[in-house]
Amino acid sequence: MTTLSSSPNLLPPKAPRRRIMAIWCTDLAIDRWRLAEGTARREGLDAAPLALIEDTAHGPRIAAANPAARAAGAAPSMRLTDARTLCPALAVRPADAAGDLAFLENLALWAQRWGPWSALDPPDGLLVDTSGVAHLFGGERALIADVLALLERRGLAARAALAPTAGAAWALARHGPPAVIQPPEADPHTFLADLPVAALRLDADVILLLRRLGLKRLGQIEGLTRENLARRFRNHRSAAANPLLRLDQIFGLRPEPLLPVVGVPAPLVQRRLMEPIRHRSLLDRVVEDLATDMARLLEGLGQGARRLELGMWKVDGEVLVRRLEMAAASRDPAHICRLFAARLDDLDAGFGIELVRLRVPWAEPLHLSQADLDAAAERHGTSLAACIDRLTVRLGPEAVRCPVAHASHLPERAQRWQPPLADLPSSQEELRFHHRPLKLLDKPEAVAVVYETPDGLPRQFQWRGQLHKVTRAEGPERIAPEWWRERSTVRLRDYYRIEDEAGRRYWIYRHGVIGDGRGGAPEWFIQGLFA
């Protein structure tokens, strides 16, 4: 009979204990704005009171404040008028929550140098899994020191903590001593007992209720029976409203799923040149090779480029960047080269370019298509996307727009402008406008009209110094004001389609009716021209 030995060498390796590191950027919004302003002005910006504000239903409120502003009495969530009363010298700038979140996402990807994955803890925190990697940095104490040192080098004020669970690490980073570490063998009920109830990541009203009940520390909540708290807090769907769920997550009794941040690398091709180039013809050849390589790479990914960045590294260290944005996803090398050719006319190569890199920061799915049909459309100039790209490069990104229908009965509000080839906005209903002119004036122009009172058809009108006699008229088509956005004194409109003796057709309207009680005599305007 063969028996297995109980030697430790044959046992499976022991899994490392889970260790989560919480990073809290104490002034993320202020630090990000300060870094955008430049390091040269950092000391001056820190000395003056500064606040970032956001618009709310009750007026502007402070979203973030630097230490000088907080010392003067301006605190986050305070109304700007109240903060100005306490600190008249307070300087304000608009807050950018979307930019802060994007900055936090990039910071989470950068923080993966300390662990295999990281997760967001918005609006100003990160969670990094450091299980089994602390020995690579010389221990957990050296790991936290490295984190704080690198963040300080990047200009970010931060606090960090290590614990077996994400909830405990979050609580220690914000309410514990600086750079605190919860040992794996420590009893969490004893180690975390002195933390305030705010460390449970609860809603503000729940924290206020706990404090009114006399529960200010986690140890006090642990001393109560679960039945009493379960009767008081019955919300099991939201963990932020139930202290029992948060306690179980902190102590590791219930799982807390985290969503890791996964970086999606942008398609990139480059050429490191053996000799620096200075002539335009050589640069065009390099761009052509890069466009061909990028087309092959995008074809393998089943994607097309919507935005491209061409970076050129000069011998003296300067980096030149040219950007393009496509109207539709494309990976045609000839089309890409043609667009970049117009952006390279003002290029100064200096002593030469030694590295050229083409990158696609924005790509969209693009399936394989019949190349012969696309090539024929390109040769005959019938490719709409290619035409829009050429016009955009020559005239600018804001010069090419297309009109889309908008839900409004008023003609001047019945359309809006959006980028070409963009998706049409969704609508709950379709507004059918019959017999509308092909051309609308940018702004209705006043005309003098002779008509039958009180609301008869027009007989003749004078427009731009020329008298027109009306031979045919059709109408009126009455359009009432939009009551949900107009004042009660706005007058209605009666539209007429008229034709003069020369056969020209116009679209005019009478603004108001005699005796409507909303003004004097009605006014006439011309708003459109028929073909």
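Hydrogens, waters and symmetry mates are skipped; everything else that's a heavy atom, side chains included, is used. Model, not experiment: these values are computed from the prediction. Residues: numbered from 1 along the sequence shown.
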Counting C-beta onward and ignoring hydrogens, is there a side-chain heavy-atom pair between [X] and [Y] closer than 4.5 Å?
{"X": "Asp121", "Y": "Leu258", "value": "no"}
{"X": "Pro267", "Y": "Met294", "value": "yes"}
{"X": "Gln182", "Y": "Pro164", "value": "yes"}
{"X": "Asp55", "Y": "Arg61", "value": "no"}
{"X": "Lys216", "Y": "Leu210", "value": "no"}
{"X": "Leu120", "Y": "Glu105", "value": "yes"}
{"X": "Ile353", "Y": "Leu347", "value": "yes"}
{"X": "Leu195", "Y": "Leu172", "value": "yes"}

Could you measure the distance from the [atom1] atom of [X] to the [atom2] atom of [Y]? Nearest 0.5 Å is fine.
{"X": "Leu200", "Y": "Ile250", "atom1": "CG", "atom2": "CD1", "value": "4.5 Å"}
{"X": "Arg18", "Y": "Thr130", "atom1": "CZ", "atom2": "OG1", "value": "10.0 Å"}
{"X": "Leu268", "Y": "Leu290", "atom1": "CG", "atom2": "CG", "value": "9.0 Å"}
{"X": "Leu208", "Y": "Leu213", "atom1": "CG", "atom2": "CG", "value": "9.5 Å"}
{"X": "Leu339", "Y": "Thr392", "atom1": "CG", "atom2": "OG1", "value": "9.0 Å"}
{"X": "Leu192", "Y": "His175", "atom1": "CG", "atom2": "NE2", "value": "12.0 Å"}

Salt-bridged, [X] to [Y], with N to O below 4.0 Å?
{"X": "Lys314", "Y": "Glu354", "result": "no"}
{"X": "Asp345", "Y": "Arg322", "result": "no"}
{"X": "Asp124", "Y": "Arg174", "result": "yes"}
{"X": "Arg201", "Y": "Glu256", "result": "yes"}

Point to revise | Partner residues of Trp313 under the side-chain hydrogen bond (donor to acceptor under 3.5 Å, both in side chains) criterion, sequence neighbours left out | key: none
Would you say [X]'s side chain and [Y]'s backbone share a donor-acceptor pair under 3.5 angstrom?
{"X": "Asp194", "Y": "Arg217", "result": "no"}
{"X": "Thr165", "Y": "Ala168", "result": "yes"}
{"X": "Gln112", "Y": "Val261", "result": "yes"}
{"X": "Asn66", "Y": "Leu50", "result": "yes"}
{"X": "Asp31", "Y": "Leu156", "result": "no"}
{"X": "Ser118", "Y": "Ala108", "result": "yes"}
{"X": "Arg254", "Y": "Asp248", "result": "no"}
{"X": "Arg357", "Y": "Leu310", "result": "no"}
{"X": "Arg307", "Y": "Ala363", "result": "no"}

For residues [X] and [Y], is any side-chain donor paired with an opposing acceptor at under 3.5 Å?
{"X": "Asp129", "Y": "Ser131", "result": "yes"}
{"X": "Asp96", "Y": "Trp33", "result": "no"}
{"X": "Gln249", "Y": "Arg246", "result": "yes"}

**Study point:** Residue pairs involving residues 69-90 (criterion side chain to side chain donor-acceptor pair (under 3.5 Å); sequence neighbours excluded)
**Key:** Asp27-Arg70
Practice item. May I ask you to check if Arg306 and Trp362 form a cation-pi contact, with NZ or CZ under 6.0 angstrom from the six-membered ring centre and within 45° of the axis? Key: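 That pair qualifies as a cation-pi contact.
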Practice item. Applying side-chain contact (heavy atoms from CB on, under 4.5 Å), run through Gln527 and Arg493 and close with a yes or a no. Key: CA-CA 12 Å; Gln527 193 163 13; Arg493 302 180 183 181; 3.9 Å; yes
So which atom in [X] and which in [Y] form the shortest heavy-atom distance, rounded to 0.1 Å?
{"X": "Val269", "Y": "Asp293", "value": "CG1-CB, 4.0 Å"}
{"X": "Leu366", "Y": "Ala329", "value": "CD2-O, 3.7 Å"}
{"X": "Ala186", "Y": "Phe191", "value": "CB-CD1, 4.3 Å"}
{"X": "Val262", "Y": "Leu109", "value": "C-CD2, 4.1 Å"}
{"X": "Val206", "Y": "Ala241", "value": "CG2-CA, 3.9 Å"}
{"X": "Pro122", "Y": "Leu104", "value": "CA-CD2, 4.1 Å"}

Check your understanding: Would you find more than 12 non-hydrogen atoms of other residues, nucleotides or ligands less than 6.0 Å from Asp442 atom CG?
Key ->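 No.
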Check your understanding: More than 12 heavy atoms of other residues, nucleotides or ligands under 6.0 Å from CZ of Arg211: is that the case?
Key ->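 No - once you tally the heavy atoms of other residues, nucleotides and ligands closer than 6.0 Å, there are 12 at most.
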Exercise for review: Walk me through it: do Arg19 and Glu140 pass the test salt bridge (charged side-chain N to carboxylate O under 4.0 Å, His left out)?
Suggested key: CA-CA 10 Å; Arg19 304 294 287 172; Glu140 293 184 343; 2.8 Å; yes
Review point. What do the steps show when you test Ile336 against Val287 for side-chain contact (heavy atoms from CB on, under 4.5 Å), and what is the final call?
Key: CA-CA 9 Å; Ile336 294 175; Val287 173; 5.8 Å; no
**Study point:** Ile207 vs Leu202, side-chain contact (heavy atoms from CB on, under 4.5 Å): CA-CA, chis, key distance, verdict
**Key:** CA-CA 6 Å; Ile207 294 176; Leu202 297 171; 3.8 Å; yes
Review point. Leu126 and Trp110: side-chain contact (heavy atoms from CB on, under 4.5 Å), yes or no, with the steps?
Key: CA-CA 11 Å; Leu126 299 174; Trp110 175 77; over 6 Å; no
